[in-house]
A.B. asks: 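So that we are looking at the same thing, I have put the structure below in structure tokens.
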Amino acid sequence: MHDYLAQFAEPFGYLDFARFGPVSDPVRRVLVREADRLHRRGWAALDRLDAEADAAARTAGDLLGCAPHEVAFVSSTSHGLFAAAHAFARPPAGAPARPAGPAFPHRAGRADGTVLMARTDFPGALYPWLRAEDHGGLTVRLLDGPLTADTVRAHLDDRVRAVAVCAVDAATGYRAPLAALKELIGPDRVLVVDAVQALGAVDLAVDAADVLAAGGQKWLRAGWGAAVLMVRDRVAGRLGPGLGGWSGVLDPLEAPDHPCPPRPGAVAHTLTNPDGPAVAALGAALGLVRDTGAARIEARIGEVLGGLLAAARAAGAETAGGPGEPGASGSGIGRLRLPGADPAAVHRALTAAGLATTLRGGWIRLSPHASTDPSAAEPLAEALDHLRRGVRAA
């Protein structure tokens, strides 16, 4: 773990990795190296970028328990989820056709499967499915969250083809029971996982995910521009090309006519070639997690988060999530609020104390990393205690 921690130099008091993670030293070096290579070598640098992408796919495969060809790189988590959602907008082989309706004549010949998801999920996870529903071919059924095996069980019927879930809820830190959900829905339905708040922070139940998307800008500390899209072979035959563009088809430049057949593997769902330097940076970030071990990182984050929440409680705050609490989330996200105090004022006071946090829904979200200095609990407690005394005096 010491070697892992030595790779980072985020500012003291930075407790906001659920929003954005300052890039690691290895990522910074890769981005500088690739920019220099593109500057000096131009198109001759592309072969090296292709090799970096292949290496990144192998590393992602190590982390996700899949083959490299089951991994593609897209621009963001949202991009990956849009690709997944639109891949459902055609029936699997042998599915009955749906007649066209007056509002959506383009639905003719498509099956209308149902996708279950929580209405409280982050908007970036919801809108890909809602927009795909607008174009026909699937129906979104929004459930009162969070998703558990019990809540999903109550809504399973013959029309349900998939469950889409955030592995970790961005607002509350709730950690979805991926293994239990996959066991419940079985091999004939697809579990689609938004893992951007989990990959690099928790020991994710990756075997449960049939399709997974995760950008690198948060816990992976890889910056923006690249995301992993995993599509396992076990479900590939049930997905259409969806948003697949020229990069996702065979021999697009040599074909006498279009459309061309899709390429095998997850790359079939890509719009175009990815940002090469961003993919190389993501590969470096994934390698750090693989080499350190997700379980070790998760344990360290839990220690730091537990210390922050304990200090907050000692200063009079209410807390939620974090290790050792009833209903603990088991993720890297915890929350606090100070009774009687304006949440916006609390957030301003923490910012003035040099602590980076996020205000959401009346709660202050804390999301430290394994490298966060535990002594950040001290200014946190001091700021909260000062505010609490002010509330009492008023």
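Note that these values count all heavy atoms, side chains included, but never hydrogens, waters or copies made by symmetry. Values in this document were obtained by computation on a predicted structure and should not be read as measured data.
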A.B. asks: Hey, is D36 close enough to R33 for a salt bridge, meaning N to O under 4.0 Å?
C.D. replies: no
A.B. asks: Charged N to carboxylate O under 4.0 angstrom, R41 versus E34?
C.D. replies: no
A.B. asks: Run the salt-bridge test on R58 and D62 with the 4.0 Å N-O cut-off and return the result as yes or no.
C.D. replies: no
A.B. asks: Inspect the contact between E10 and R221 and indicate whether a charged nitrogen and a carboxylate oxygen are less than 4.0 angstrom apart.
C.D. replies: yes
A.B. asks: Would you say the side-chain atoms of D150 and T148 include a donor-acceptor pair closer than 3.5 Å?
C.D. replies: no
A.B. asks: Answer whether the closest heavy-atom distance between the side chains of C166 and V168 falls below 4.5 Å.
C.D. replies: no
A.B. asks: Just distance, no hydrogens or angles: give the donor-acceptor pairs under 3.5 Å from side chains in residues 115-122, sequence neighbours left out.
C.D. replies:
from, atom 1, to, atom 2, distance (Å)
R119, NE, D144, OD1, 3.0
R119, NH2, L142, O, 3.0

A.B. asks: Ion pair present between K182 and D210, side-chain N to carboxylate O less than 4.0 angstrom?
C.D. replies: yes
A.B. asks: For F73, enumerate each residue passing the ring-ring contact (aromatic ring centres under 6.0 Å, His included) test, keeping only those at least two apart in sequence or located in another chain.
C.D. replies: none
A.B. asks: So, do L384 and L336 sit near enough that their side-chain heavy atoms are less than 4.5 Å apart?
C.D. replies: yes
A.B. asks: Can you list everything that forms a side chain to side chain contact (heavy atoms under 4.5 Å, CB included) with D251? Sequence neighbours excluded, please.
C.D. replies: E254
A.B. asks: I'd like a table of donor-acceptor pairs (distance under 3.5 Å, sequence neighbours excluded) in which one partner is a side-chain atom from residues 22-32, with atom names and distances.
C.D. replies:
from, atom 1, to, atom 2, distance (Å)
S24, OG, V27, N, 3.3

A.B. asks: Does W224 have any ring-ring contact (aromatic ring centres under 6.0 Å, His included) partners at least two apart in sequence or in another chain, and if so, which?
C.D. replies: F20
A.B. asks: Are L38 and L49 packed together at the side-chain level, in the sense that at least one heavy-atom pair is separated by less than 4.5 angstrom?
C.D. replies: yes
A.B. asks: Applying salt bridge (Lys or Arg N to Asp or Glu O under 4.0 Å), can you list everything that pairs with E303, at least two apart in sequence or on another chain?
C.D. replies: R300
